[in-house]
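Chain identifiers are assigned alphabetically (A, B, ...) following the order of the sequence lines, protein sequences preceding nucleic acid strands; residue numbering begins at 1 within each chain. These figures come from a predicted structure and were not determined experimentally.
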There are 2 protein chains.
Amino acid sequence: MAKKGALLPGSAELLVLSLLGEGEMYGYQISEELRRRSDETFVMRAGTLYPILHGLEQQGRVESFEKEGDTPGRPRRYYRITRAGRAALEERRQEWRRLSAAVNAVLGEAFARAPLAEGGRC
Amino acid sequence: MAKKGALLPGSAELLVLSLLGEGEMYGYQISEELRRRSDETFVMRAGTLYPILHGLEQQGRVESFEKEGDTPGRPRRYYRITRAGRAALEERRQEWRRLSAAVNAVLGEAFARAPLAEGGRC
DNA sequence: ACTAATATATAGATAATCTATATAAAAAGC
DNA sequence: GCTTTTTATATAGATTATCTATATATTAGT
């Protein structure tokens, strides 16, 4: 693993895109939501998150805008997934399924994931 | 992901230890077995594998020996997991379960893995 | 003879993630 | 009133896992 990091290496962009796939969010909200949903397992710090968001924006996978006025405190920069971002998300999602299934296959563990399209009940 | 790599980043040591947990093997055999079991998904090249094996040996998690005589061709260096290696394997295995479950939780996909110890039949 | 497959090994490049640091405003505690 | 914590965004630099490239050597197939 990348040091003793709090993330599963390689999954950072997938996780961020996945959350944004459900609706626009600002940076801090993303990291909190990630922490909550993963049951404290993923603690993506600012130094990891913001470079990822900036990178995704440069690649045209998300777009950002500041929401002024109504929100108190420091102005928040919201991020919204683009059409290209959705395509990238779907690709990464499939890649994740493929790779995690392959790890499980090597570990020789009972299959986890219901094969999605094939007939196995279970 | 680490470049466009053929591995799921962070999983290399787990995969190697896991195979060695089933019996002693030599390097080339490990990479072939990995390729086979993962259905061509994981292609761990020599430049990745051998540094990992040497590292594991330095940490006392595997021990190696050359088998001479009976095998034709270049002599093979076999690797065997140690007691400490088994402990490390179990740790990494659990870590993998924890992290992959957390990714799936964030992705919001139906749960995959039968909870292993909790009452689910399946 | 030449090529491909088997077999091990190391050096250097690349990139993902982490730590540390900086800034700033609001809320909460004392 | 003052301090600390939480919210909020951002960048620079360090670390390290993995990849590519390269080197060497033997055997099998064409």
Side-chain angles (χ1 to χ4, degrees), chain A residues 1-17 25-36 41-59 62 64-79 92 95-96 99 103, chain B residues 1-17 25-36 41-59 62 64-79 92 95-96 99 103:
Chain A
M1 319 262 168
K3 283 202 254 188
K4 56 153 213 271
L7 274 172
L8 192 150
S11 64
E13 274 196 22
L14 166 65
L15 295 172
V16 171
L17 278 176
M25 295 172 105
Y26 55 94
Y28 191 79
Q29 189 183 6
I30 291 172
S31 82
E32 286 302 293
E33 187 65 15
L34 205 50
R35 186 198 296 260
R36 196 184 63 76
T41 297
F42 295 143
V43 182
M44 192 186 290
R45 275 169 240 284
T48 304
L49 176 58
Y50 290 104
I52 286 172
L53 286 172
H54 301 334
L56 288 172
E57 191 168 21
Q58 267 199 306
Q59 293 157 24
V62 304
S64 75
F65 54 97
E66 268 194 9
K67 244 184 201 169
E68 315 169 36
D70 54 330
T71 53
R74 184 167 170 176
R76 292 164 176 164
R77 176 160 292 274
Y78 279 78
Y79 291 87
R92 277 155 195 278
E95 182 76 352
W96 161 250
L99 294 178
V103 169
Chain B
M1 317 263 165
K3 283 201 257 190
K4 55 151 214 266
L7 275 173
L8 191 150
S11 64
E13 274 196 23
L14 166 65
L15 294 171
V16 170
L17 277 176
M25 296 173 104
Y26 55 95
Y28 191 79
Q29 190 183 5
I30 291 172
S31 83
E32 286 302 295
E33 188 66 14
L34 206 49
R35 187 198 295 260
R36 196 184 62 77
T41 298
F42 296 142
V43 182
M44 193 185 290
R45 274 170 242 284
T48 303
L49 177 59
Y50 289 104
I52 286 172
L53 286 172
H54 301 334
L56 287 172
E57 191 167 23
Q58 266 197 306
Q59 293 157 25
V62 304
S64 77
F65 53 98
E66 267 193 9
K67 244 183 201 170
E68 315 169 35
D70 52 330
T71 52
R74 183 168 171 176
R76 291 165 177 166
R77 177 161 290 273
Y78 279 79
Y79 292 86
R92 277 152 195 279
E95 182 77 351
W96 161 249
L99 293 179
V103 170

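- Distance from the side chain of B:R45 is smallest to D:dT20 among C:dT10, D:dT20, D:dT18.
- Within the structure, a side-chain polar atom (N or O) of A:Y26 is placed less than 4.0 Å from OP1 or OP2 of D:dA8.
- Following rounding to the nearest Å, B:L17 (CG) and D:dA17 (P) show an atom-to-atom distance of 14 Å.
- The separation between B:E66 atom CD and C:dA7 atom P is 13 Å, rounded to whole Å.
- Residues B:G27 and B:L49 come closest through the heavy atom pair O-CD2, 3.1 Å.
- The side chain of B:Y79 lies closest to C:dA9 when the candidates are D:dT11, C:dT17, C:dA9.
- The OH atom of B:Y50 sits 16 Å away from the P atom of C:dA11 (whole-angstrom rounding).
- When rounded to the nearest whole Å, the span between CD of A:E32 and C1' of D:dT6 equals 9 Å.
- The phosphate of C:dT10 (OP1 or OP2) has a side-chain N or O of B:H54 nearer than 4.0 angstrom.
- Of the candidate nucleotides D:dA10, D:dA8, C:dT8, D:dA8 has the atom lying nearest to any side-chain atom of A:Y28.
- Considering only side-chain atoms of B:A46, the nucleotide from D:dT18, C:dA9, D:dA10 that sits closest is C:dA9.
- Residue pairs meeting the salt bridge (Lys or Arg N to Asp or Glu O under 4.0 Å) criterion with at least one partner in residues 7-16 of chain B, sequence neighbours excluded, are B:E13-B:R92.
- Looking at heavy-atom distances under 4.0 Å, B:G47 makes contact with a base.
- Between B:L49 atom CG and C:dT10 atom P there is a gap of 12 Å when expressed in whole angstrom units.
- With a 4.5 Å cut-off on side-chain heavy atoms, A:V62 and A:V16 do not count as touching.
- Atoms CE (B:M44) and P (C:dT8) sit 14 Å apart, rounded to a whole Å.
- In this model, the phosphate group of C:dC18 is approached by a side-chain N or O of A:T48 to a distance below 4.0 Å at OP1 or OP2.
- Atom pair B:M25:CE and C:dA7:P shows a separation of 12 Å (rounding to whole Å applied).
- Protein atom CD of B:E57 is 13 Å distant from nucleotide atom C1' of C:dT8, rounded to whole Å.
- Note: A:I52 CD1 to A:Y79 OH = 11.5 Å, rounded to the nearest 0.5 Å.
- In this structure, the side-chain hydrogen bond (donor to acceptor under 3.5 Å, both in side chains) partners of B:E33, at least two apart in sequence or on a different chain, are B:R36, B:R37.
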